[in-house]
Every structure is written in C-alpha cells, then in structure tokens.
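Below is one structure; the comments refer to it alone.
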There are 2 protein chains.
Amino acid sequence: MVFLISCAASLALQDGEALILFLTYQYDRSYYKNMPKVTKKELKRETLLNQGVAMLMEQGYHGTGLQEILDAANIPKGSFYNYFGSKENFGAEVIQHYVDPFIAQLAVHLQQSETDALAAIRHYFDELIMELEKNEFKGGCLLGNLMGEIGDTSEICRKSLQSAVGRYRDLLRSGLTKAQQQGTVRSDKSAEEMADLLINAWQGALLRMKIEKSSAPVKQCCKDLLEDFFKP
Amino acid sequence: MVFLISCAASLALQDGEALILFLTYQYDRSYYKNMPKVTKKELKRETLLNQGVAMLMEQGYHGTGLQEILDAANIPKGSFYNYFGSKENFGAEVIQHYVDPFIAQLAVHLQQSETDALAAIRHYFDELIMELEKNEFKGGCLLGNLMGEIGDTSEICRKSLQSAVGRYRDLLRSGLTKAQQQGTVRSDKSAEEMADLLINAWQGALLRMKIEKSSAPVKQCCKDLLEDFFKP
DNA sequence: CAAAAAAAAACGACCGGTCATATTATTTAA
DNA sequence: TTAAATAATATGACCGGTCGTTTTTTTTTG
C-alpha cells in the first residue's frame, strides 16, 4: 500500500490528473474488495444500468457510446462484455431497469389511497411533473424516446419496450378500474382504453415539453384527461 | 462515348455491379447536363432531402450516416457540404421538408369540405392511417422520433421541430375552430387546446403502433378524441 | 498451481468533416 | 467569334476520432 501511494505521488508530479484517477481506482477497489463475488458483480451491473438510463435518456441510443457510459461508471471498457452480451442487450435491460421505479411509484400511490384512485393517479402524475421541472425538461421518457429511435431497427429492444409499456399500462388500467368502481371515472369507456389514451397523450406531451422547454403540455394533458374526459 | 461504353463493358467482365453503377452515372450526368445551374443544384438538394426524410424516419438521426444518404442519392461525399452546412443543418431542413406535404394534405382536406370540418379532419387522419398500414408501421412520424432523439441535444433541430409542429398545430386548430362554428365540435374547450391534445395523443399512438406493429393504437386515438371527447 | 474473472490492448469499420485538385462556367482580351 | 484567363463548383481521397466488438494479457480466486 505504501508503495502504491508513493507511486501515485510520483505520477502526480508529471500529470495532475493521474493522481486523482489512480486514487479513485484504489478507492473503488477497496470498496468492492470485501464483498461477495456475486454481489460485487451485481453492483457493477446496476451501476452500468443506472448510467445507461441517465445517458440514453438525454442522448439517445446511437448518440451514446459504450465508452461514455463506462467512463461515467469508472468501469474499464474491456469489462463491459463480462456484464452484458452486447450494446443491444444492454439497451433492452436498461429499458426494464428504467421502468421499474415508475411502476413501483405508481403502485405505492394506488395502494395508499383506497378511497380515491383517480386522485392517486393525479398525484402520481403531479409528482412526475415536478420531477420533470426539476430536470429542466431534459430527457423526457426513455420509453418514448427509444420507441421512436430504435423501435423499428432493434427487435430485442422493441420486445423490451413492448413489455415495459405493457406492464405500466396494466397497472394504470387497474387503477382506473378501481376509480370506476369508486364512481370517480366514467364506466362507459373501458379502463384499458383510457389507460392507453392517457399513456399515449402523456408520451406526446413529453415530446412537446422537450422542444418547448415548458411543463405546460404535460400539465394540460393531465387536466384534459383526468379532470374532463375521464369524468363520469 | 464509344470508348466509355467499351470501358464499362470491360469492367463488367470483372465485376457485375460495376457496369450498372457506371451506366447509372453516365445517365445522371446526361440527365442533369442541359439544365440551368441553379435548377440542377436545387434538384440534387431535394434528392438529398427526400432521402434524408426516408432514412432518418426509419433509422433515426444518429443511426443514419451521411455516406448512407449520399450513396442512396448517387451524390459524392465531397459534394454534401456544397448543399448543406453540416449534418445538423441538414437535419433541421429535413424536418421542414418532411412536414410540408402533411400540412398541404391537411389544408386540401379542410378547403374541400366547407360544410363539415370535423369530417375533413377525420378523413385526413384516415388517409394517414392507410399510409401507415401500407408501410407496415415502420417509421411513424419523423417529428416525434426526432423530438425524442435530439430534442435535447441539437438546438438547431429543436428550433426546427418547434416551428414544424407549430405550423402543423396552427392549421389543425383552424380546422377545429371551423368545426366549432359548424357546431360539430364542442366550444367549451379552446380549439388550440384540442389541437394540442390531438397532436400529442397521435404522436404517442404512433410510438405504440411502432412497437405493437398494429394500427389499433392510432385508430383508437382518433376514435376516442374525434368521435367522443371533441363532440359537443 | 489451475480455472475463472477482469482488464488492457487491439481490431476493422465507420463517423462527420476537410482539402487540394479536377472539372465546368463565366468573364475578359484579342 | 474565338482564345485565354479567371472564377465557381464538384469531387474523391483522406483526416483524426470513435464506434461496438474481439483477442490477449493480467489479476484474482479456489
């Protein structure tokens, strides 16, 4: 250890950045060192997935290189294929990794308020809007962005997108069904139909939000549907 | 000329494709030869824009290389920057070139039926759906795809998208206003609000269409809004 | 020590963009 | 109306860099 530090110090004399990179590397190594092998690997996998979500959201699939993701995660390029079979497979996993928290968040809202499912849905989307404003309308929804970009060209990712959107839609439908039973949402239209419309209009509104740099489209979308069209 | 043809023939003995490419090249040269300079240049520009629309639709912005577009248009790589300042500027022009026919088509429908603007809008979207089915749900809408892919990263294209969507929205709004005056669309909601909702839901439905490989989402979208929500 | 995992180095292909040169068009001079 | 000079345009080879992936080497582990 003493040898390593002195080595790093001598490097620093030649290159200011070398020291930082070196010490970071040492830190990461010790951070992972005492963990079980499988946990360590799972942790790095998840780090890559998290970085993948963040970068694919803002820069798209083809606009983001593996190098970029790996650098941000401090994982060597050569290691990528220890964790994922290919960029395409990685993309498919990123899609699922992205949607999981949204489904969990919506599920929490739906479980909490047993008396007014429509209000729960409304509160959920209000939370999303706050998050979007916090991010200054960058990114939008990874699902929507990737459906447009690679929905035609990557069969693997298309399937993953189909599954992710399907899972999300099913949960939203169950919430709307509950709201129908509670009498706060019209029952002459199926919950599935309304869930699809809400998701689709929301996706389009997110695209508009991106180019207008304003939350007005998404706010209007929720108002139009949840406070008007879906009402009994 | 005799020399050139015999040269092509000798090439063909070694490589089957060479002959075709060579003769095509000769044809193009003679095709453009007697034209005024400006017309010739405009024609090539438009060829590139048309190819750009087609390829960016299916493969996205970063998924399509300039070389690919130029090859498809039979225009040399070095010539690209005689027509466009950069790939980014090209993209911004492709966006406008893409939306023009849609605006023209919608305008025709709105002008033709003075008595029922809502029916005109409905017929316009029915035409779009037929076109999408003909293309087997590939591509979708270039505006939606690029809003998602580069809406965050290219300011030039963002502005172009903003303008293109704005032009489209304004025309749709004028149609809905007319329908309001004709009494076929509710008047307690502004035409602008409904135009935005229709565009956004349509965009989202197109994304769903891509990954489901079905026209059901776009059909449902039109039905929900034009035959239900927008009714007085 | 052998086997497995991780990381470094290298791979060919392609990216957007530039450049000197070749071709064509226009102007000037005779 | 030519011929020569000049300007404008078109072009393909080429730039440094990055792409996703593979191979080789190093390190870790049992």
Side-chain angles (χ1 to χ4, degrees), chain A residues 4 21-22 24-26 28-45 47-48 52 55-56 59-94 149-150 153-154 156-157, chain B residues 4 21-22 25-26 28-45 47-48 52 55-56 59-94 150 153-154 156-157:
Chain A
L4 289 175
L21 290 172
F22 191 83
T24 303
Y25 179 68
Q26 285 300 307
D28 279 347
R29 287 279 280 248
S30 63
Y31 178 72
Y32 287 123
K33 179 151 278 182
N34 292 330
M35 289 185 179
K37 187 183 61 181
V38 287
T39 303
K40 191 166 69 178
K41 182 160 183 174
E42 278 305 309
L43 220 63
K44 290 195 179 184
R45 256 184 75 96
T47 303
L48 285 173
M55 311 200 106
L56 293 191
Q59 309 183 147
Y61 181 83
H62 287 113
T64 308
L66 291 181
Q67 186 74 261
E68 215 173 340
I69 297 170
L70 289 156
D71 285 350
N74 263 312
I75 291 171
K77 182 166 185 180
S79 297
F80 178 81
Y81 292 89
N82 298 333
Y83 303 105
F84 302 97
S86 65
K87 188 190 184 183
E88 197 179 1
N89 282 315
F90 175 68
E93 286 207 45
V94 164
E149 184 184 357
I150 54 173
T153 48
S154 165
I156 295 171
C157 290
Chain B
L4 291 175
L21 290 172
F22 191 82
Y25 180 68
Q26 285 300 309
D28 279 348
R29 287 279 279 251
S30 62
Y31 179 70
Y32 286 124
K33 180 151 278 180
N34 293 331
M35 289 187 179
K37 186 184 61 178
V38 287
T39 303
K40 193 165 71 177
K41 182 161 181 173
E42 279 304 310
L43 219 64
K44 289 195 179 185
R45 256 184 75 95
T47 303
L48 284 173
M55 310 198 107
L56 293 191
Q59 307 182 149
Y61 180 83
H62 287 113
T64 308
L66 292 181
Q67 189 71 257
E68 214 175 340
I69 297 170
L70 290 157
D71 285 350
N74 263 312
I75 290 171
K77 175 77 181 285
S79 297
F80 178 81
Y81 292 89
N82 299 333
Y83 303 106
F84 303 96
S86 66
K87 188 190 183 183
E88 198 180 0
N89 283 315
F90 175 68
E93 287 208 43
V94 164
I150 54 172
T153 48
S154 166
I156 295 171
C157 291

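Sequence lines set the chain letters: A, B, ... in the order given, protein chains first and strands last, and positions in each chain run from 1.
Residues of residues 82-91 of chain A having a heavy atom closer than 4.0 Å to DNA chain D, listed by number: A:Ser86, A:Lys87.
Taking atom OH on B:Tyr81 and atom P on D:dC14, their separation rounds to 19 Å, with Å as the unit. The distance from atom CG of B:Leu70 to atom P of D:dA10 is 13 Å, rounded to the nearest whole Å. Look at NE2 on B:His62: it is 18 Å from P on C:dC14, rounded to the nearest Å. Remark: C1' of D:dT24 and NZ of A:Lys77 are 16 Å apart, rounded to the nearest angstrom. In this structure, CD of B:Glu68 is placed 11 Å from C1' of C:dC14, rounded to the nearest angstrom. One atom, CD1 of A:Ile75, and another, C1' of D:dT27, lie 17 Å apart when rounded to the nearest Å. Rounded to whole angstrom, the span from the CD atom of B:Gln67 across to the P atom of D:dA13 amounts to 11 Å. One can place OH of A:Tyr61 at 19 Å from P of D:dT18, the figure rounded to the nearest angstrom.
The side chain of B:Leu66 lies closest to C:dG16, out of C:dA6, D:dG20, C:dG16.
A donor-acceptor pair under 3.5 Å is absent between the side-chain atoms of B:Glu88 and the main chain of B:Ser154, judged by distance alone. When atom types are taken as modelled, the side chain of A:Lys87 and the backbone of A:Gly65 share no donor-acceptor pair closer than 3.5 angstrom.
Checked against side-chain hydrogen bond (donor to acceptor under 3.5 Å, both in side chains), B:Ser86 has the following partners two or more places apart in sequence or in another chain: B:Asn89.
Looking at heavy atoms from C-beta onward, A:Tyr83 lies in side-chain contact with A:Ile75 at the 4.5 angstrom threshold. Taking 4.5 Å as the limit, every side-chain heavy atom of B:His62 sits out of range of all side-chain heavy atoms of A:Tyr61.
Comparing B:Pro76 and A:Gly65 by the nucleotide of DNA chain D that holds the closest heavy atom to each, the one mapping nearer the 5' end is B:Pro76.
Remark: B:Ser79 is not in phosphate contact with D:dA10, judged by side-chain N or O atoms under 4.0 Å from OP1 or OP2. Residue A:Lys44 places at least one side-chain N or O under 4.0 Å from the OP1 or OP2 atom of C:dA7.
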I'd like to know whether A:Leu66 forms a side-chain contact (heavy atoms from CB on, under 4.5 Å) with A:Tyr81, so could you lay out the CA-CA distance, the side-chain angles of the two residues, the decisive distance to 0.1 Å, and finally the verdict. CA-CA 11 Å; A:Leu66 291 181; A:Tyr81 292 89; 3.9 Å; yes

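Closest approach of B:Ala92 and B:Cys157 over heavy atoms only: N-SG, 3.8 Å.
No contact: B:Phe80 has no heavy atom under 4.0 Å from any strand.
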